[in-house]
Amino acid sequence: MPAARRALHPSVTVEERSAGSVREDEGRQPAGEAAGAVAGEPRLGAADLGGELGERATLVQFSSAFCQPCRATRRVLAEVARMVPGVAHREIDAESRLALVRALRIDRTPTVLVLDADGRVVRRAAGQPRTADVIAALGQAVRTP
C-alpha cells in the first residue's frame with residue numbers, strides 16, 4: 001500500500017497509508033532509511049532540538065518541570081555525552097514544545113531519543129536510563145570515524 005507523508009511540525013512528518021490511518025512501527029525499516037533507524041520515526045534537525053546535532057550522535061531528552069527522574073536522566077546523559085566524543089545532549093521542555101511532543105508520540109517524561117549523525121531516531125526509551133544502557137544504545141547510532 002503506498003504511503004503519503006503528512007507534516008505535523010515544520011520538519012517532522014508521519015507516513016500515512018492510503019486508507020488514512022497513521023503508520024505504526026511494524027519492525028521493518030522503510031526503503032531509503034539508514035540501517036538501525038526506527039521504522040516510522042522522523043528525522044530531527046537543529047531547529048527541532050534547539051541546538052546542533054552531535055557530530056556522531058545526539059541524546060535527546062524530553063523533560064518536564066516537576067519530573068524528579070528527569071533530573072537524574074539529565075545527569076546520566078550529560079555524563080555520557082562528555083565521555084563519548086562527538087555525542088551531544090539536548091534537553092527539550094515537553095510542556096513548551098507540545099507540537100513536537102505530539103508528533104513524536106512522547107507519552108511521558110523523561111523520554112530519551114538516540115539520534116544518529118543525520119538526526120534519525122535509532123532508539124527510544126521512556127523512564128530513567130542507566131549509564132550502561134545509554135552507552136549500549138549509542139552503539140547503534142555512533143559511526144566509526
Side-chain angles (χ1 to χ4, degrees), residues 3-17 21-145:
R5 287 190 157 311
R6 177 172 56 99
L8 292 178
H9 187 264
S11 64
V12 178
T13 58
V14 173
E15 291 185 9
E16 293 186 7
R17 296 202 183 271
S21 63
V22 174
R23 179 190 167 161
E24 297 294 324
D25 180 5
E26 298 170 345
R28 293 187 310 231
Q29 191 169 305
E33 288 293 324
V38 174
E41 290 281 4
R43 184 184 299 188
L44 300 174
D48 300 307
L49 304 176
E52 293 300 317
L53 292 167
E55 184 180 312
R56 298 173 70 199
T58 306
L59 301 169
V60 181
Q61 174 184 350
F62 286 86
S63 299
S64 53
F66 298 104
C67 168
Q68 184 63 34
C70 293
R71 294 179 199 135
T73 298
R74 179 183 311 117
R75 287 189 298 271
V76 168
L77 298 182
E79 175 187 358
V80 171
R82 280 191 303 272
M83 288 180 355
V84 183
V87 173
H89 171 227
R90 300 285 176 245
E91 187 170 3
I92 296 174
D93 176 29
E95 295 173 42
S96 67
R97 302 290 305 279
L98 288 176
L100 184 60
V101 165
R102 289 181 183 121
L104 294 171
R105 299 178 316 272
I106 305 297
D107 297 326
R108 61 182 278 205
T109 58
T111 292
V112 177
L113 305 178
V114 179
L115 310 181
D116 66 10
D118 296 322
R120 291 184 190 93
V121 178
V122 295
R123 292 289 300 267
R124 71 182 293 148
Q128 183 178 334
R130 296 180 311 156
T131 301
D133 295 333
V134 175
I135 292 170
L138 277 174
Q140 288 185 289
V142 174
R143 296 180 181 164
T144 312

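What you are looking at is a predicted structure, and each value in this text was computed from that prediction instead of being measured.
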**Prompt:** What residues, two or more places apart in sequence or in another chain, satisfy side-chain contact (heavy atoms from CB on, under 4.5 Å) together with Ala136?
**Reply:** none

**Item:** Point-to-point distance, once rounded to the nearest 0.5 Å, from CZ of Arg97 to CD1 of Ile106
**Value:** 11.5 Å

**Prompt:** Listed by chain and number, what are the side-chain contact (heavy atoms from CB on, under 4.5 Å) partners of Leu53, not counting sequence neighbours?
**Reply:** Leu49, Thr58, Leu115

**Asked** Can you pull the disulfide bond (SG atoms under 2.5 Å apart) pairs that have at least one residue in residues 58-101, sequence neighbours excluded?
**Response** Cys67-Cys70

**Residues which pass side-chain contact (heavy atoms from CB on, under 4.5 Å) with Arg130, listed by chain and number, not counting sequence neighbours** = Asp133

**Item:** Separation between OG1 of Thr111 and CG of Leu104, rounded to the nearest 0.5 Å
**Value:** 10.0 Å

**Prompt:** Quick one: CG on Leu113 to CZ on Arg123, what's the gap to the nearest 0.5 Å?
**Reply:** 11.5 Å

**Asked** Got a donor-acceptor contact below 3.5 angstrom from the Arg56 side chain to the Pro85 backbone?
**Response** yes

**Message:** Quick check: closest heavy atoms across Ala141 and Val122, and the distance to 0.1 Å?
**Reply:** CB-CG2, 3.5 Å

**Message:** Contact between Thr131 and Ile135 at the side-chain level, heavy atoms closer than 4.5 Å - yes or no?
**Reply:** yes

**Asked** Listed by chain and number, what are the side-chain contact (heavy atoms from CB on, under 4.5 Å) partners of Ala72, not counting sequence neighbours?
**Response** Arg75, Gln128

**Prompt:** When rounded to the nearest 0.5 angstrom, what distance separates CZ in Phe66 from CD in Glu95?
**Reply:** 8.0 Å

**Fill in**
Of all heavy-atom pairs linking Ala88 and Glu52, the shortest is CB-O, 4.4 Å

**Asked** Where do Val101 and Ala94 come nearest, in terms of heavy atoms and distance?
**Response** CG2-O, 3.6 Å

**Message:** Could you report the tightest heavy-atom contact between Val112 and Pro129, atom names first, then the distance?
**Reply:** CG2-CG, 4.4 Å

**Message:** Listing request: all disulfide bond (SG atoms under 2.5 Å apart) pairs with a residue in residues 89-129, at least two apart in sequence or in separate chains.
**Reply:** none

**Item:** Donor-acceptor contact present, side-chain Asp118 to main-chain Arg120, <3.5 Å
**Value:** no

**Message:** Please list all pairs meeting side-chain hydrogen bond (donor to acceptor under 3.5 Å, both in side chains) that have one or both residues in residues 61-71, counting only residues at least two apart or in different chains.
**Reply:** Gln61-Ser63, Gln61-His89, Ser63-Glu91, Ser64-Thr109, Gln68-Arg71

**Request:** Please report the closest heavy-atom contact between Ile92 and Asp48, naming both atoms and the distance.
**Result:** CD1-O, 3.8 Å

